[in-house]
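Each chain gets a letter, A, B and so on, in the order its sequence line appears, and its residues count up from 1.
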2 protein chains.
Amino acid sequence: MKKEHPVQVNGKENGKGNGQPRYLVLADEVQTMIEAGTLRPGDRIPSIRHLSERYRVSIPTVLHAYTVLEDRRLVEARPKSGFYVRARLSSGTEVPSFSRRIPSPKTLSRFAPLMALVDDVANPRLVPMGGANPSPALLPSEKLARITGAIARRQARAVVQYDPPPGCPALRREISRRSVEWGTYLPPEDFLLTNGATEALHLALRTVAKPGDTVMVESPIYYGILHLLSRLGLRTVAVPSSPREGLPIGAVRKVLEREKVAALIVIPNFSNPLGSLMPEAARAELVALAAQRQIPIIEDDIYGDLSHRGERPACLKSLDADGGVLLCGSFSKTLAPGYRAGYIAGGRWHREILEAKVALTFGGSPLPSLAIAEFLRNGGYDHHLRRLRATFREQILRMREAVAAAFPREAKISDPQGGFVLWIELARQVDSMVLFEKAREAGISIAPGHLFSPAAEFRNCIRLSCGHPRTPAMEKAVATLGELAKRMSG
Amino acid sequence: MKKEHPVQVNGKENGKGNGQPRYLVLADEVQTMIEAGTLRPGDRIPSIRHLSERYRVSIPTVLHAYTVLEDRRLVEARPKSGFYVRARLSSGTEVPSFSRRIPSPKTLSRFAPLMALVDDVANPRLVPMGGANPSPALLPSEKLARITGAIARRQARAVVQYDPPPGCPALRREISRRSVEWGTYLPPEDFLLTNGATEALHLALRTVAKPGDTVMVESPIYYGILHLLSRLGLRTVAVPSSPREGLPIGAVRKVLEREKVAALIVIPNFSNPLGSLMPEAARAELVALAAQRQIPIIEDDIYGDLSHRGERPACLKSLDADGGVLLCGSFSKTLAPGYRAGYIAGGRWHREILEAKVALTFGGSPLPSLAIAEFLRNGGYDHHLRRLRATFREQILRMREAVAAAFPREAKISDPQGGFVLWIELARQVDSMVLFEKAREAGISIAPGHLFSPAAEFRNCIRLSCGHPRTPAMEKAVATLGELAKRMSG
């Protein structure tokens with residue numbers, strides 16, 4: 001999209017600009033200066049007065065050009081200071097590539113968890129960009145604390161007791177109410193409460209697949225799912241996923257023709273780590289394809305509530321006519337990971353999943369469930385979500401800019417539609433495990449890319465979580481990461 | 001032990017009584033009247049004055065005889081009312097029998113959970129003698145509520161966050177401190193927190209055994225363990241266990257000589273359902289035997305804190321020299337089942353179990369863990385335990401008496417040394433599943449015996465939980481059960 005013919009305003013040169021409104025011609029002119037490097041990220045762009053004089057246009061025309069440049073995400077206004085060039089995030093910034101090859105199944109006989117990354121979650125001394133955790137500063141922790149305390153007092157005897165599966169009726173009722181937002185309606189009795197979405201995925205997988213079976217996943221894919229597949233003795237076929245549109249239906253079809261697949265795991269809404277969003281047509285095709293072949297779909301909707309713009313997307317479950325979709329979710333990314341408020345709507349496997357839950361962990365904890373239920377009923381969850389979405393969107397944007405400014409030029413950065421993680425592809429020669437170690441030594445937690453692949457691909461990728469508010473320490477951390485990446489790319 | 005030669009006091013007849021202190025002779029005399037049915041359960045025994053006159057002994061002698069009869073659990077004092085004959089629980093009451101045969105392994109391909117029993121846990125309309133649940137009325141629920149509320153407010157941000165394995169350091173510290181009571185000392189880093197003891201057992205089993213392996217258990221055994229074994233595709237060899245002394249070491253040895261066993265599951269302290277307590281010598285032999293053959297022991301110590309008299313027994317783990325014992329426990333029977341505060345000290349499998357926990361349910365909930373930790377530190381846990389033990393002991397005693405009075409004479413009743421469940425063996429022809437259904441129709445929850453066996457043995461047994469305070473409804477329920485059992489025995 002690079003402009004090849006910079007134009008002068010006011011007919012000094014009447015190339016492509018001819019016939020265009022003057023503000024657009026001016027905007028193009030400034031864009032050219034930015035793309036040519038004449039104006040660099042962080043530079044203040046020429047003042048209204050200066051531009052008005054230099055290009056002989058009116059002040060409203062300059063202002064109009066500024067708004068166009070803002071819309072193009074090239075400049076940003078800083079209060080009482082003027083307009084500045086944003087970091088390189090022109091349309092020229094590439095999102096990470098993805099392969100079109102058709103993969104073959106892999107045995108995850110020993111997918112090693114990166115325990116250092118798990119430990120990092122509870123380490124306050126690290127800049128927290130490793131685990132995909134929302135900062136407690138962004139969660140309604142005070143309100144939840146008040147609700148929790150009140151319920152503990154009011155229902156002192158109820159909350160010490162077992163909460164046998166399917167679990168707390170009040171919470172299942174509230175989740176059911178919210179299911180309308182997901183493009184469907186699921187009654188409370190369709191849900192089983194779980195210890196986070198992790199247990200939901202575990203129960204789903206162990207119910208629809210047996211050791212040795214092959215499960216299709218997206219690639220890259222959240223490492224927790226690969227770890228789970230490994231523990232359950234499952235084989236994996238990992239279909240390269242589009243950074244924008246998720247699982248490509250053509251590739252799915254080809255794999256299903258070639259392989260016997262016991263189940264599909266899909267994150268249609270803001271996949272982790274790509275942040276991709278499956279288009280509606282692809283969703284319908286996917287559900288139809290799976291139904292026709294009687295292959296269960298395990299849908300991980302944990303980021304569904306975190307769209308960056310517009311409506312909350314529907315879930316695949318809303319297209320499910322025969323109970324073949326097992327919907328897994330939780331409030332761990334939006335309210336309180338520590339409350340372990342997960343759920344599964346297991347479709348035609350509901351009963352079997354319930355029995356497995358009884359065997360493996362028995363019940364849940366009534367107090368956290370009651371507190372989440374109360375928050376969903378009266379706590380202003382939608383209001384909270386609006387703020388949280390805007391915050392994550394902004395944090396993602398800032399992080400993209402910071403990464404673009406600090407990292408080597410060849411770095412490709414994902415452009416997530418929701419959620420709060422970024423996926424960054426670095427030069428081939430960068431080993432992200434080395435980067436992970438060096439970053440950790442520098443007090444920074446990141447997630448290395450090979451964790452997101454059953455075949456240890458993406459060695460040159462990293463995932464950065466933007467779940468925490470930006471701080472000077474984080475700014476510095478991104479600069480440090482960029483320096484490390486540059487040195488390793490050299 | 002029946003006295004064959006009733007004696008008259010005061011030399012009227014100088015048989016066996018000769019030379020014995022008079023109070024003992026008098027006590028024997030009253031015992032004879034009780035055993036002969038002259039005095040029946042519930043009858044008031046003759047007054048001090050009456051006995052003193054009738055047998056021409058001093059009042060202190062009569063009082064002394066009363067205390068002997070109390071010690072023999074033949075009579076009980078009722079405040080301001082006198083002494084009464086207790087229900088038939090003379091030394092003649094039999095505990096359930098157990099077989100000496102050496103069993104062969106069973107495949108638990110589909111051990112069906114009795115979901116009705118799980119549902120009953122949350123059904124306040126049933127007399128709760130089914131699930132082994134402590135009544136919230138006996139738990140320090142108010143104090144826990146206060147502690148929980150205070151922590152929620154004080155640490156609002158901390159408690160919404162993930163608590164990654166091994167879990168809440170404060171709780172692991174307190175459990176470690178308590179391990180001294182178990183005849184050993186285990187440092188905090190030996191523990192991993194789990195979602196109740198159920199998850200602890202699950203993690204232990206899936207780590208030390210793989211599908212198709214054989215695991216040795218006691219028989220009868222808590223059905224949750226059988227359900228777990230079934231879900232994990234494990235075979236089971238169930239060694240008949242002594243109602244008083246638990247797993248017989250001779251039988252264990254024979255089975256180990258004959259079968260390849262991947263692990264042993266043992267409840268040495270107050271097994272569920274028998275309430276048996278393994279003698280110390282047998283424990284040492286068991287641990288040595290397993291160590292020598294490199295067979296891991298999974299120890300379920302969930303009832304360990306609930307001894308009816310004397311010290312808390314040690315755990316097998318205290319005899320473990322090489323990390324071969326995996327100790328599982330929780331505070332579900334003593335503080336709050338709904339807080340899911342379980343733990344495992346996994347010995348040499350600690351790391352592997354931790355990784356499995358990360359994959360299967362990830363972390364726990366920090367708030368309940370912090371609350372239990374605070375209760376253990378400052379809440380008077382030992383004081384609470386003393387009361388709870390005395391209460392359970394009393395409730396077990398009352399229930400034994402009530403069952404002895406209401407059930408058919410051939411009923412055999414366990415004599416638990418701790419915990420709060422009774423095991424009752426009925427006539428061969430009684431089908432306890434039918435009894436379960438009939439009881440449920442009558443508003444009573446009990447646990448049918450076949451659930452406690454991998455081979456659906458114990459069809460004529462039931463387990464009654466005494467975790468709830470006795471109420472008139474419970475008295476009536478026991479009478480109803482007795483009636484039902486009598487009709488089915490006839």
If you count heavy-atom pairs under 4.5 Å between each of B:Ala152, B:Pro166, B:Ala158, B:Gly233 and chain A, which one has the most? B:Ala152
Between chain B and each of A:Leu139, A:Asn133, A:Thr194, A:Val121, count heavy-atom pairs under 4.5 Å; write down the option with the most. A:Asn133
Against chain A, work out which of B:His227, B:Arg153, B:Arg351, B:Arg154 has the most heavy-atom pairs shorter than 4.5 Å and name it. B:His227
So which part of A:Arg206 gets closer than 4.5 Å to some heavy atom of chain B, the side chain, the backbone, both or neither? side chain
Got more than 12 heavy atoms from elsewhere within 6.0 Å of CZ, B:Arg387? no
On a heavy-atom basis, which atom in A:Ser141 and which in B:Ala156 lie closest, and how many Å separate them? CB-O, 3.4 Å
So does B:Val358 get a backbone contact from the side chain of A:Arg231, meaning a donor-acceptor N/O pair under 3.5 Å? no
With rounding to the nearest 0.5 angstrom, report the CZ to CZ distance, A:Arg340 to B:Arg340. 14.5 Å
Looking only at atom types and distance, does a side-chain atom of B:Thr198 sit under 3.5 Å from a main-chain N or O of A:Leu360, one as donor and one as acceptor? no
Highest number of heavy-atom pairs under 4.5 Å with chain B among A:Gln155, A:Arg157, A:Glu199 belongs to A:Arg157
Is it the side chain or the backbone of B:Asn195 that comes within 4.5 Å of chain A heavy atoms, both, or neither? both
Starting at OG1 of A:Thr361, measure out to NE2 of B:His202 and round the result to the nearest 0.5 Å. 9.0 Å
For residues 142-149 of chain A, dump all side-chain donor-acceptor pairs below 3.5 Å to protein atoms at least two apart in sequence or in another chain.
from: A:Lys143; atom 1: NZ; to: A:Gly379; atom 2: O; distance (Å): 2.9
from: A:Thr148; atom 1: OG1; to: A:Leu144; atom 2: O; distance (Å): 2.6
from: A:Thr148; atom 1: OG1; to: A:Tyr339; atom 2: OH; distance (Å): 2.7

What option among B:Pro337, B:Ser365, B:Gly342 has the most heavy-atom pairs under 4.5 Å with chain A? B:Pro337
Chain A contact via B:Pro368 - side chain, backbone, both or neither, heavy atoms under 4.5 Å: side chain
Find the one option among B:Ser332, B:Gly224, B:Ala356 whose heavy-atom pairs under 4.5 Å with chain A are most numerous. B:Ala356
Which of residues 369-376 of chain A have a heavy atom under 4.5 Å from any heavy atom of chain B? none
For chain A, the option from B:Asp163, B:Val159, B:Leu367 that forms the most heavy-atom pairs under 4.5 Å: B:Val159
Mind listing the closest non-hydrogen atom pair of B:Gly338 and A:Pro366 along with its distance? O-CD, 3.2 Å
If one checks every heavy atom of A:Ala150 against chain B at 4.5 Å, the contacting part turns out to be neither
Part of B:Ala137 within contact of chain A (heavy atom distance under 4.5 Å): both
Nearest heavy-atom neighbours spanning B:Leu228 and A:Ala359: CD1-O, 3.2 Å
